[in-house]
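This report refers to the structure that appears directly beneath it.
Below, each value reflects all heavy atoms present in this structure, side chains not excepted, and no hydrogens, waters or symmetry copies.
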Amino acid sequence: MNKDAADSISLGGNLWQIAAPEGRLVDVMVQRHNLPVIIAGIMVLRGIGIDDAADFLNPKISRLMPDPFVLKDMAKAADRIADAVIKRQKIAVIGDYDVDGATSTSVMRLFLHSVGIEPEVHIPDRDEGYGPSIQAVDAFKAAGAELLLTLDCGTTAFEPLEHAAASGMDVIVLDHHEAEARLPKIYAVVNPKRLDEDNDYPYLKYMAAVGVVFMTIVAVNRALREKGFYTPEQSEPDLKKWLDLVALGTVCDVVPLKGLNRAYVAQGLKVMAARGNKGLATLMDKANLSEPPTAFHLGYVLGPRINACGRVGDADMGNKLLCCDSDYQAQLLADKLNEFNVARKDIENHVLLSAIEKLEGKENKYPVAFVYGHDWHQGVIGIVAGKLKERYNVPAFVMSVEKDEVKGSARSIPQVDLGALIIAAKERGLITKGGGHMMAAGFSLEEGRIEEFREFVGEYVLSKIGDEAITPVVEIDAVLDAGGANAALADYLEKLEPFGAGNPEPRLMLKNVRIIKPSLIGVGHVRCILTSENGGSIKAIAFRVGDNDIGSAMFNPQGEIFDVVGVLRHDRWNGRSDVQFIIEDLRKAKNGRQK
């Protein structure tokens, strides 16, 4: 992608880079799909090909999901699960304590329930640790389980899963985490990131675990149909009704919203708006979410509440809520999740402040925020790592020192692949276990190896980004006049939803505007009107800027002309609709003051 970089740092401390999409492709996109130039340019910048534009604008699972059996071991896995259903064998499920794990477990549990099987479900809490354990395996074996499914975990859990296989259980892994060259010696491993997977459908590697699980139940459903399982007495389930959970897990695991993932979320949001899942609908009510949900609501309203139980409460509570069919029980569970979320915020703030105190004012020879504490709740260290990464714009590693081991979480910047870093650390024996994606990872290690691990992480990151300070970059998708930021453009921008990883909400620059009628509202928010020299104007708001340089500039413009960066959205309230510009950053325009 060609970019025209600005030559000055903004008031938010960022370097602005204005994207320059290839003009020929934009012209073809405009002509073939009858789109405004700005929208066509944004799609080109997102890597959407001319022939893929229709699927991007109207994503359908029927077009974007390949035959599930393209994944290695899927045929074996689907056939074995179908046989277990037909023979009424006891099925055990081990999930994960995050939203992807909760939704993966819930989708499988609801499907099995629909075909007459009540699986035994175990969600490890954070004290037990991520993934299957020998203790959980032994408990399932003692309970008579013949088939063990691990969801959102298991790809590198060699010892416990091979122990399960040796005990006589068939084990199937349904996962999406980074794989090693070897796989556990078990019945089947379905994971689009297996190193021996074909590349005919590369976007399958982007799926969250819940997406892999949904593909699996599609395959199992077909196997059951072919085996004559469905009868007038045993009807075939409507798999689409669980797409709300697939969308929730996909958004909250921050996987790219491309290809099939985009269809999962687009269709899942429609299912969620119908409020068919009792527990999810109750949680939406508790969060005062009455409007049709968007990907934003999944990631920042519903997801944190479900995540909270795995962070500071009962790890299984999210799964229980999503599978709940009782109004009373749903109310109790949703209330409890809200309580956990409030507690999580308090704990998180304590750990974040402690981490900042440890980091600031001390020399650090590596471009890494690496910090640990003995009194830190391990349920919030991932969130804290994310906030440290945003604060310092370097990879962040946050660890909680427990009695028996150190448990850590990391968040990264685009230049450093954490999944690869964790695999390398495991191969060196520096950590006892771990896994993750490019931007996020979890791991465990012995306390005596913290400093050795620090050196390894520091050298690894240094080799990728060097030791110069990295200025945060704001990617700008298009430049326009304030008058062009209108309702018609906002309508077109909504056609690009759902927004998320891999398809961020388009960031626009309004050039040469004046800020008039600024007023402080709420806690540090500034509302104003942006006007241009040709008479165009738009309402705008900047959140949480009352105490920084952006807020100061908005209240003391003194005739200054600014360039403003942010996003354009409809502002719908009480049946009325207007447009509003959400200001994220600004800088003085190159032509300086108003004449």
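- Taking every heavy atom of both residues into account, M317 and C309 meet most closely at CB-CB, 3.9 Å.
- Side-chain N or O atoms of N277 include one that pairs as donor or acceptor with a backbone N or O of L322 at under 3.5 Å.
- Shown here is H113, whose NE2 atom has no more than 12 heavy atoms of other residues, nucleotides or ligands within 6.0 Å.
- Under a cutoff of 6.0 Å and an axis angle of 45°, R182 and F158 form a cation-pi pair.
- Here the side chains of L204 and V212 are not in contact, with every heavy-atom distance at 4.5 Å or above.
- For the pair N221/E236, a side-chain contact is recorded, criterion being any heavy-atom separation below 4.5 Å from C-beta on.
- Within the structure, salt bridge (Lys or Arg N to Asp or Glu O under 4.0 Å) pairs that include any residue of residues 151-172 comprise R80-D170 (at least two apart or interchain).
- R194 contributes a side-chain N or O that, together with a main-chain N or O of V189, makes up a donor-acceptor pair within less than 3.5 Å.
- Judged by distance alone, with hydrogens and angles left aside, the side-chain atoms of H377 form a donor-acceptor pair with the main-chain N or O of G379 at under 3.5 Å.
- Under the side chain to side chain contact (heavy atoms under 4.5 Å, CB included) criterion, D67 pairs with F69, V70, R222, not counting sequence neighbours.
- Side-chain N or O atoms of H122 include none that pairs as donor or acceptor with a backbone N or O of I94 at under 3.5 Å.
- A 4.5 Å side-chain heavy-atom check between R46 and P506 finds at least one atom pair inside the cut-off.
- The number of heavy-atom neighbours closer than 6.0 Å to CG of D335, taken from other residues, nucleotides and ligands shown, is above 12.
- Ion pairing between a basic and an acidic side chain is recognised when a charged N comes within 4.0 Å of a carboxylate O; R63 and D55 show such pairing.
- Of the possible polar contacts, none joining the D73 side chain to the K76 backbone as a donor-acceptor pair under 3.5 Å is found.
- Cation-pi contact between R262 and F56: present, with separation from the ring centre below 6.0 Å and deviation from the ring axis of at most 45°.
- K407 has its side chain within reach of Q378: a pair of non-hydrogen atoms, C-beta onward, lies under 4.5 Å apart.
- Looking at E197 and K205, no side-chain N of the basic residue comes within less than 4.0 Å of a carboxylate O on the acidic one, giving no salt bridge.
- At a threshold of 4.0 Å, the pair E348-K387 counts as salt-bridged, since one of the basic side-chain nitrogens sits closer than that to a carboxylate oxygen.
- Nearest heavy-atom pair, I123 versus A315, reported as atom, atom and distance to 0.1 Å: CG2-O, 3.6 Å.
- Ion pairing between D244 and K270 fails under the 4.0 Å rule for side-chain N and carboxylate O.
- Taking a 6.0 Å sphere around CG of D404, one finds it holds more than 12 heavy atoms contributed by other residues, nucleotides or ligands.
- Between K336 and E339 there is a salt bridge, since at least one side-chain N of the basic residue sits less than 4.0 Å from a carboxylate O of the acidic one.
- Although no hydrogens or angles enter the test, the distance criterion places a donor-acceptor pair under 3.5 Å between the side chain of S104 and the main chain of V210.
- Every residue two or more places apart in sequence or in another chain that forms a side chain to side chain contact (heavy atoms under 4.5 Å, CB included) with D238 is listed here: K240.
- Listed for the D175 side chain is no donor-acceptor partner under 3.5 Å among the backbone atoms of N191.
- A distance of 10.5 Å separates CD of E118 from CZ of R88, quoted to the nearest 0.5 Å.
- Scanning all heavy atoms of the two residues, the minimum distance from P293 to H297 falls at CA-ND1, 3.5 Å.
- For the residue pair C153 and G95, the shortest heavy atom distance occurs at SG-O, 3.9 Å.
- The 12-atom threshold is exceeded at CZ of R275, counting heavy atoms of other residues, nucleotides or ligands nearer than 6.0 Å.
- Residues N503 and P498 have side chains not in contact (no heavy-atom distance under 4.5 Å, counting atoms from C-beta outward).
- Residues V271 and K241 approach most closely at CG1-O, 3.6 Å, considering heavy atoms.
- What you find for G268 and A247 is that their closest heavy atoms are CA-CB, 3.8 Å.
- Panel note: side chain K141, backbone S167; a donor-acceptor pair is recorded below 3.5 Å.
- Atom CG of L260 sits about 8.5 Å away from atom OG1 of T250, to the nearest 0.5 Å.
- The closest donor-acceptor contact from the side chain of K90 to the backbone of P119 lies at 3.5 Å or more, if one exists at all.
- When ring centroids are compared, Y264 and F214 come within the 6.0 Å threshold.
- With respect to the salt-bridge test (charged N to carboxylate O, under 4.0 angstrom), the residues K87 and E146 do not qualify.
- Heavy atoms of other residues, nucleotides or ligands lying less than 6.0 angstrom from NZ of K389 number more than 12.
- Judged by distance alone, with hydrogens and angles left aside, the side-chain atoms of S114 form a donor-acceptor pair with the main-chain N or O of F111 at under 3.5 Å.
- Annotation: the span from N261 atom CG to Y203 atom OH amounts to 10.0 Å, rounded to 0.5 Å.
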